[in-house]
Asker: 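This is the structure I have questions about; it appears just below.
Count residues from 1 along the sequence. Note: hydrogens, waters and symmetry copies are ignored here, and every other heavy atom, side chains too, is used. Because the structure is predicted, anything quoted here is derived from the model rather than measured.
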Amino acid sequence: MGKAIEVKQLKKSFGELKAVNGIDFYVEQGALFAFLGPNGAGKSTTIDMLTTYLQRDKGEVRVNGYELGREDDRIRGSIGIVFQDSLLDHALTVEENLYVRGGFYNLSRSELRAAVEKAARIAKVNDFIKRPYGKLSGGQRRRADIARALIHTPKILFLDEPTTGLDPQTRKSVWETIRELQQEQGMTIFLTTHYMEEAAQADYITVMDHGEIIARGTPYELKERYAQDSLKIVANDEAALREALHAAAVPYKQEDGRFHIAIGSTVEALPIIDICRSHIAGLEIISGTMDDVFIQLTGAGVRGE
Ligand code: ADP
Ligand code: MG
């Protein structure tokens with residue numbers, strides 16, 4: 001697999017504030033790449049630079065093989081972008097917006113119609129395509145924004161918090177559309193999100209805070225490194241269970257009538273269960289989650305919810 005995006009020592013300051021402070025990363029072609037971090041971490045600033053909309057101070061960037069700063073037109077022609085704030089005209093219908101957008105790409109009439117139809121189908125906007133953008137619900141707007149970004153069949157789609165502010169059901173359906181873009185269209189997806197259950201489905205995650213990259217890996221790797229698995233036991237004889245755990249030198253906490261035992265990985269529960277087997281009334285093995293990873297790394301609750 002080639003690299004869709006390569007970034008070396010990318011920097012951007014706003015006055016004294018180092019919004020992006022020398023970051024390095026790459027994105028594999030065809031991957032769903034999630035960029036995480038608390039508010040103000042520098043995610044949007046990074047996206048704005050990669051997509052040519054904000055001048056960088058320093059750093060080397062290649063997008064689809066094109067060099068940022070020298071081949072910006074080619075970069076723009078090969079990417080689609082869904083910004084946090086929509087760029088569509090509220091007074092025009094979704095379809096009119098798509099035709100206006102498509103008009104930038106030097107297409108013939110029939111090519112333009114085909115491009116609009118394809119983008120509308122993939123982003124699933126046909127049910128409300130004749131309605132003014134300003135009259136749409138949040139989820140419908142997001143879909144229209146995605147359709148706009150797809151008009152010229154980009155190789156990479158950038159989405160800055162595409163699901164923020166949507167109700168859970170709508171969020172899920174927009175998220176499914178994003179997954180389909182990757183899996184069925186083979187598009188590289190670069191997105192930022194506050195939602196850890198979305199990040200958990202990414203192929204690769206990069207976590208940013210205070211303008212720097214503080215962790216990276218697959219969701220599995222990050223959970224292994226930063227989240228704690230645990231074994232929870234309800235005892236049929238608490239005194240006997242305590243004794244068995246003491247004898248085996250297994251540390252535990254007792255809370256809400258349950259014994260909580262921290263384990264390095266879920267399979268480490270097995271020998272402990274063996275030792276306590278006859279004193280157990282019920283048990284649960286809980287894997288660490290991406291929420292744990294985020295809190296561990298940034299010391300923050302998942303903000304923006
Ligand atoms: P994120 O998208 O991770 O929430 P941003 O990239 O938007 O973070 O912002 C990073 C930091 O840069 C924040 O402290 C923000 O206030 C600041 N910032 C962003 N854009 C500007 C700007 N145009 N002028 C001044 N400061 C900015
Ligand atoms: Mg942002």
Asker: Go through the structure and list residues passing side-chain hydrogen bond (donor to acceptor under 3.5 Å, both in side chains) with Lys223, not counting sequence neighbours.
Answerer: none
Asker: Give a yes or no answer on whether the side chain of Gln140 reaches the backbone of Ser137 with a donor-acceptor pair at less than 3.5 Å.
Answerer: yes
Asker: Apply the test side chain to side chain contact (heavy atoms under 4.5 Å, CB included) to residues Leu50 and Leu68: give CA-CA distance (whole Å), side-chain angles for both, the deciding distance (0.1 Å), then the verdict.
Answerer: CA-CA 7 Å; Leu50 300 187; Leu68 185 68; 5.6 Å; no
Asker: Let's go through Arg258 and Ile233 carefully: what are the C-alpha distance in whole Å and the side-chain angles of both, what is the deciding distance for side chain to side chain contact (heavy atoms under 4.5 Å, CB included) to 0.1 Å, and is it a yes or a no?
Answerer: CA-CA 6 Å; Arg258 300 197 298 176; Ile233 298 176; over 6 Å; no
Asker: Nearest 0.5 Å, what's the OH-CD1 distance between Tyr226 and Ile214?
Answerer: 8.0 Å
Asker: Check the surroundings of atom CD in Glu268: do more than 12 heavy atoms from other residues, nucleotides or ligands lie under 6.0 Å from it?
Answerer: yes
Asker: Please assess His210 against Asn21 for the test side chain to side chain contact (heavy atoms under 4.5 Å, CB included), listing each intermediate value before the final yes or no.
Answerer: CA-CA 8 Å; His210 302 298; Asn21 193 14; over 6 Å; no
Asker: Keeping the roles fixed (side chain from Glu6, backbone from Phe25), state whether a donor-acceptor pair exists under 3.5 Å.
Answerer: no
Asker: Answer yes or no: are there more than 12 heavy-atom neighbours, outside Arg74 itself, under 6.0 Å from its atom CZ?
Answerer: no
Asker: Quick one: is the NZ or CZ of Arg171 closer than 6.0 Å to the six-membered ring centre of Tyr195, and within 45° of its axis?
Answerer: yes
Asker: Measure across Ile189 and Gln182 and return the closest heavy-atom pair with its distance rounded to 0.1 Å.
Answerer: CG1-CB, 3.8 Å
Asker: Heavy-atom distance under 4.5 Å between the side chains of Tyr26 and Arg62, does that happen here?
Answerer: no
Asker: First locate atom CD of Gln254, then atom CG of Leu241, and finally report the distance between them rounded to the nearest 0.5 Å.
Answerer: 8.0 Å
Asker: Any donor and acceptor pair, going by atom type alone, linking the side chain of Thr188 with main-chain N or O of Gly30 inside 3.5 Å?
Answerer: yes
Asker: May I ask you to check whether over 12 heavy atoms, not counting those of His260, lie within 6.0 Å of atom NE2?
Answerer: yes
Asker: Can you name the side-chain hydrogen bond (donor to acceptor under 3.5 Å, both in side chains) partners of Glu71, sequence neighbours left out?
Answerer: none
Asker: Should we count CG of Asp167 as having more than 12 external heavy atoms under 6.0 Å?
Answerer: yes
Asker: CD1 of Ile47 to CG of Leu191: how many Å apart, nearest 0.5 Å?
Answerer: 8.0 Å
Asker: Can you get from Met49 to Ile156 by hopping between Ile, Leu, Val, Met, Phe, Trp and Tyr side chains that sit under 4.5 Å apart?
Answerer: yes
Asker: Quick check on Lys18: does its NZ atom have over 12 non-hydrogen neighbours (other residues, nucleotides or ligands) under 6.0 Å away?
Answerer: no
Asker: Should the pair Phe33 and Tyr204 be assigned to parallel (<30°), tilted (30 to 60°) or perpendicular (>60°) ring geometry?
Answerer: parallel
Asker: With a 4.5 Å heavy-atom cut-off, do Cys276 and Phe259 have their side chains touching?
Answerer: no
Asker: Under 4.5 Å between any side-chain heavy atoms of Arg142 and Thr170, yes or no?
Answerer: no
Asker: To the nearest 0.5 Å, tell me how far Leu245 CG sits from Ile261 CD1.
Answerer: 5.0 Å
Asker: Return the minimal non-hydrogen interatomic distance between Leu157 and Ala149, and the atom names on each side.
Answerer: CD1-CB, 3.6 Å
Asker: Could you report the tightest heavy-atom contact between Ala248 and Ile275, atom names first, then the distance?
Answerer: CB-CD1, 3.7 Å
Asker: Under 4.5 Å between side-chain heavy atoms, hopping through other hydrophobics if needed: is there a path connecting Leu88 to Leu136?
Answerer: yes
Asker: Using only heavy-atom distances, determine whether the side chains of Asn64 and Ser78 contain a donor-acceptor pair under 3.5 Å.
Answerer: yes
Asker: Within a strict 4.5 Å, meaning less than it, do heavy atoms of the Asp48 and Phe83 side chains meet?
Answerer: yes
Asker: For the hydrophobic clusters of this structure (ILVMFWY residues joined by side-chain heavy atoms under 4.5 Å, transitively), does one cluster hold both Ile75 and Leu87?
Answerer: yes
Asker: Determine, for Lys12 against Asp57, whether the closest basic-nitrogen to carboxylate-oxygen distance falls under 4.0 angstrom.
Answerer: yes
Asker: Does Glu224 reach the side chain of Glu221, with side-chain heavy atoms less than 4.5 Å apart?
Answerer: no
Asker: A quick test of your reading: do over 12 heavy atoms of other residues, nucleotides or ligands sit less than 6.0 Å from CD of Gln169?
Answerer: no
Asker: Distance only, no hydrogens: is a donor on one side chain within 3.5 Å (strictly under) of an acceptor on the other, for Thr177 and Arg143?
Answerer: yes
Asker: Salt bridge or not for Arg148 and Asp145, using N-O below 4.0 Å?
Answerer: no
Asker: For Asp160, give me all partners under side-chain hydrogen bond (donor to acceptor under 3.5 Å, both in side chains), at least two apart in sequence or on another chain.
Answerer: Ser44, Thr192
Asker: Given the rule that I, L, V, M, F, W and Y join up when any side-chain heavy atoms are under 4.5 Å apart, are Val125 and Ile122 in one cluster?
Answerer: no
Asker: From Ile205 CD1 over to Met196 CE, what is the distance, rounded to the nearest 0.5 angstrom?
Answerer: 8.0 Å
Asker: Any salt bridge between Glu176 and Lys172, counting N to O under 4.0 Å?
Answerer: yes
Asker: Once you round to the nearest 0.5 Å, how far does CG of Leu150 lie from CD of Gln185?
Answerer: 8.0 Å
Asker: What are the two closest heavy atoms between Pro271 and Val267, and how far apart are they?
Answerer: CD-O, 3.7 Å
Asker: Test side chain to side chain contact (heavy atoms under 4.5 Å, CB included) on His246 and Glu243; report intermediate values, then the result.
Answerer: CA-CA 5 Å; His246 277 302; Glu243 201 168 307; 5.7 Å; no
Asker: Hydrophobic clustering (ILVMFWY, side-chain heavy atoms < 4.5 Å, transitive) - are Ile146 and Phe158 grouped together?
Answerer: no
Asker: In terms of relative ring orientation, are His152 and Tyr105 parallel, tilted or perpendicular, with 30° and 60° separating the classes?
Answerer: parallel
Asker: So, does Ser13 use its side chain to make a donor-acceptor pair with the main chain of Glu16 at under 3.5 Å?
Answerer: no
Asker: Less than 4.5 Å apart, side chain to side chain, heavy atoms only: is that true for Gln201 and Leu32?
Answerer: no
Asker: If you look at every heavy atom in Asp229 and Gly288, which pair is closest and at what distance?
Answerer: OD1-N, 2.5 Å
Asker: So which heavy atom on Lys43 is nearest to which on Gly37, and how close?
Answerer: NZ-O, 2.8 Å
Asker: Do the side chains of Ile81 and Tyr53 get nearer than 4.5 Å, heavy atoms only?
Answerer: yes
Asker: Can you confirm whether Ile151 sits close enough to Val116 that some side-chain heavy atom of one is under 4.5 Å from a side-chain heavy atom of the other?
Answerer: yes
